[in-house]
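Have a look at the structure below before the remarks.
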Amino acid sequence: MSQISAESASVRAAINHPALRDLSNITLPTGSKAMSQGLIGVGAVLAIATIGLAKAGLAGVSVAQGLAAVHVGACSVLAICCAATIFVMIFHLLNAGWTATVRRQFENIAAFTPFALIFVAVIALLDLFMFHGKLFTWMDPAMRSDHFLQKKWAFFYLPAGLPKGDHAHDFVFPLFFFARMAFYAFLWTFLTRRLISLSRAQDTHPDPHLSAKARFTSSWGILAMALSTAFAGFDYTMSLDFRFYSTMWGVYFFAGGAYGAIAVVIFLFARLSAAGKLKGLVTQEHFHDLGKLMFTFTIFWAYISFSQYFLIWYSNLPEETHYMIYRTENAWKTFFVAIILGHFAFPFLFFISRVIKKNVGLAAVGALIALLFHVADIYWVVRPLTYTGVPESELPGAGRFLIDALGILAAFACFAGFVAMRMRSVPLVAVNDPWMPESLEHKNYV
């Protein structure tokens, strides 16, 4: 009883901490939502414009490139949101005290997960009904005679059978592919809304049982989220080139998303710190730990990437080596080297320093560069498919990069507008989290 009383007294003391009682320190001005809504609107317009300009053949670009540009942004954001949701669950399961003041921003990012999936769904539906497999090449009826697609037919179209003879060009709806998408939508919406609603309820009702409920949801939700994220990686990035496969791809997709999610959170807290918010709540010690996570997932992504590359090189299967050879030679060779340097070498050397991890400004710069190379990684996966087999001399001019930029910015504009709206509508920290006392006194000793 004495221990419980002591813990209760500690929580009450944390709730009454001056940094938490000062509402101006833990909230953003409500103000007008016009800017956030404007960003979302700009994102939607950019997505439509990107595909429309590509369809019109601006600067000689193809429809496939327009779809790919938006898809790169959508998949980059989707990976970040899925990883943020997993981080929220990890924080609950580990009872990590230092995360009490940083978890809310992971929740704000996680809240966008179902909407990021909508972006991907729209691209897939447009490709199916309007463009007939320009990006998702397995949707192209002309590909149905391909041996690899026939072997993987059930993964996309189950229970529909493979058309025979004169029916080879008939429309077949990929039921299993979209059924998985509907399942992801339901699961991710439930999990994110459940965890966020419990966290928000605790802001007004300091009941530790709400944390216990979140922990229970996380106990089974993290497995469901991990598996669904892996299969989403298979469905929306690996399957674009249906001949290629890698059993490590799901982990690769998550590793990149985790890397990007931490970068976004570091940048958000840097901006909040610059605005004079969260004084005494998110300190250099918290930035130090976020920097450690950034460093950890830099190494994790590199380990998974190299392991995947090594196994493909060692097994030497044509359908796998073709995928890598095309992305590491000719026009993509420089880009491949840039990803190695920017996604691994730079953040490894940058975030290994304790001084940099604790410096808010430097950490924010490193986070922005890391986010850029997370997008570059997805770009390297998706974009080469748009002009496979086209000689470099016949590729569209510099205008193709404008299409890429517009498409990528479309998803990120919607994402930024949504997160900004969330941050203005809820406290910036989980006010009554039972672990708040530990987070307020958090110190690093390594």
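What you see is a predicted model, and the numbers here were worked out from it, not measured in a lab.
- Nearest heavy-atom pair across L187 and S228 is CD2-OG, 3.6 Å.
- No side-chain heavy atom of R103 sits under 4.5 Å from any side-chain heavy atom of F87.
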Q | Worked check of side chain to side chain donor-acceptor pair (under 3.5 Å) between H92 and T217 | A | CA-CA 9 Å; H92 281 301; T217 301; over 6 Å; no

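- Across A69 and T50, no two heavy atoms sit closer than the pair CB-CG2, 4.1 Å.
- Not less than 6.0 angstrom separates the ring centroid of F253 from the ring centroid of Y236.
- Centroid-to-centroid, the aromatic rings of W188 and Y184 come within less than 6.0 Å.
- For F234 and W249, the distance between ring centers is not under 6.0 angstrom.
- With rounding to the nearest 0.5 angstrom, the CZ atom of F106 is 12.0 Å from the SG atom of C81.
- Proximity of I80 to I109: side-chain heavy atoms (C-beta onward) are separated by under 4.5 Å at one or more points.
- Salt bridge status for D203 with R104: present, with a side-chain N to carboxylate O gap under 4.0 Å.
- A distance of 5.0 Å separates CE of M89 from CG of L195, quoted to the nearest 0.5 Å.
- Judged by distance alone, the side chains of S439 and T101 do bring a donor and an acceptor atom under 3.5 Å apart.
- Contact detail for S211 and Q202: the closest heavy-atom pair is OG-NE2, 3.0 Å.
- Of all heavy-atom pairs spanning M181 and A124, the tightest one is CE-CB, 4.4 Å.
- Closest of all the heavy-atom pairs between S246 and Q308 is OG-OE1, 2.7 Å.
- Using a 4.5 Å heavy-atom threshold, the side chains of V61 and T386 count as separate.
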Q. What's the verdict on side chain to side chain contact (heavy atoms under 4.5 Å, CB included) for L67 and F136, showing C-alpha distance, side-chain angles and the deciding distance?
A. CA-CA 10 Å; L67 292 171; F136 290 85; over 6 Å; no

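- In this structure the side chain of I369 reaches within 4.5 angstrom of the side chain of V365, judged on heavy atoms.
- S315 and E320 share a donor-acceptor pair across their side chains, judged by distance under 3.5 Å alone.
- Under the 6.0 Å cut-off for aromatic ring centres, F344 and W301 do not qualify, their centroids lying 6.0 Å or more apart.
- A centroid separation of 6.0 Å or more is found between the aromatic rings of Y309 and F306.
- Taking CD1 of I299 as the reference point, atom CD1 of I352 lies at 7.5 Å (rounded to 0.5 Å).
- Classification of the F335-W332 ring pair by plane angle, with boundaries at 30° and 60°, yields perpendicular.
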Q.
Show, in sequence, the C-alpha distance, side-chain angles and deciding distance for L158 and L175, and conclude whether the side chain to side chain contact (heavy atoms under 4.5 Å, CB included) test is met.
A. CA-CA 6 Å; L158 187 73; L175 180 60; over 6 Å; no

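- Between F177 and Y157, the distance separating the two ring centers is not shorter than 6.0 angstrom.
- Counting heavy-atom neighbours within 6.0 Å of W313 CH2, excluding the residue itself, gives a total of 12 or less.
- Outside the 6.0 Å centre-distance limit, the rings of F148 and F242 are not counted as a close aromatic pair.
- No salt bridge links K134 with D127; every basic N to acidic carboxylate O contact stays at or beyond 4.0 Å.
- Here the closest non-hydrogen pair linking Y259 and P347 is OH-CG, 3.3 Å.
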Q. Do F231 and F183 pass the ring-ring contact (aromatic ring centres under 6.0 Å, His included) test, and can you show the C-alpha distance, the side-chain angles, and the key distance before you say yes or no?
A. CA-CA 11 Å; F231 274 89; F183 174 74; over 10 Å; no

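- Remark: R180 fails to qualify as a cation-pi partner of F178 under the 6.0 Å distance and 45° angle criteria applied to the six-membered ring.
- With no hydrogens or angles considered, no side-chain donor-acceptor pair links R424 and S36 at under 3.5 Å.
- Residues L268 and M423 meet the side-chain proximity criterion, which asks for heavy atoms closer than 4.5 Å.
- Contact check for I408 versus F412: side-chain heavy atoms found under the 4.5 Å cut-off.
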Q: Could you go through the salt bridge (Lys or Arg N to Asp or Glu O under 4.0 Å) check for K357 and D289 one step at a time?
A: CA-CA 8 Å; K357 289 196 282 280; D289 275 337; over 6 Å; no

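- For Y252, the side-chain hydrogen bond (donor to acceptor under 3.5 Å, both in side chains) partners at least two apart in sequence or on another chain are D377.
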Q: Tell me, with the steps shown, if Y323 and F244 meet ring-ring contact (aromatic ring centres under 6.0 Å, His included).
A: CA-CA 7 Å; Y323 183 94; F244 171 75; 3.8 Å; yes

Q: Given side chain to side chain contact (heavy atoms under 4.5 Å, CB included), test R327 with K333 step by step and report yes or no.
A: CA-CA 7 Å; R327 286 166 173 77; K333 183 176 182 179; over 6 Å; no

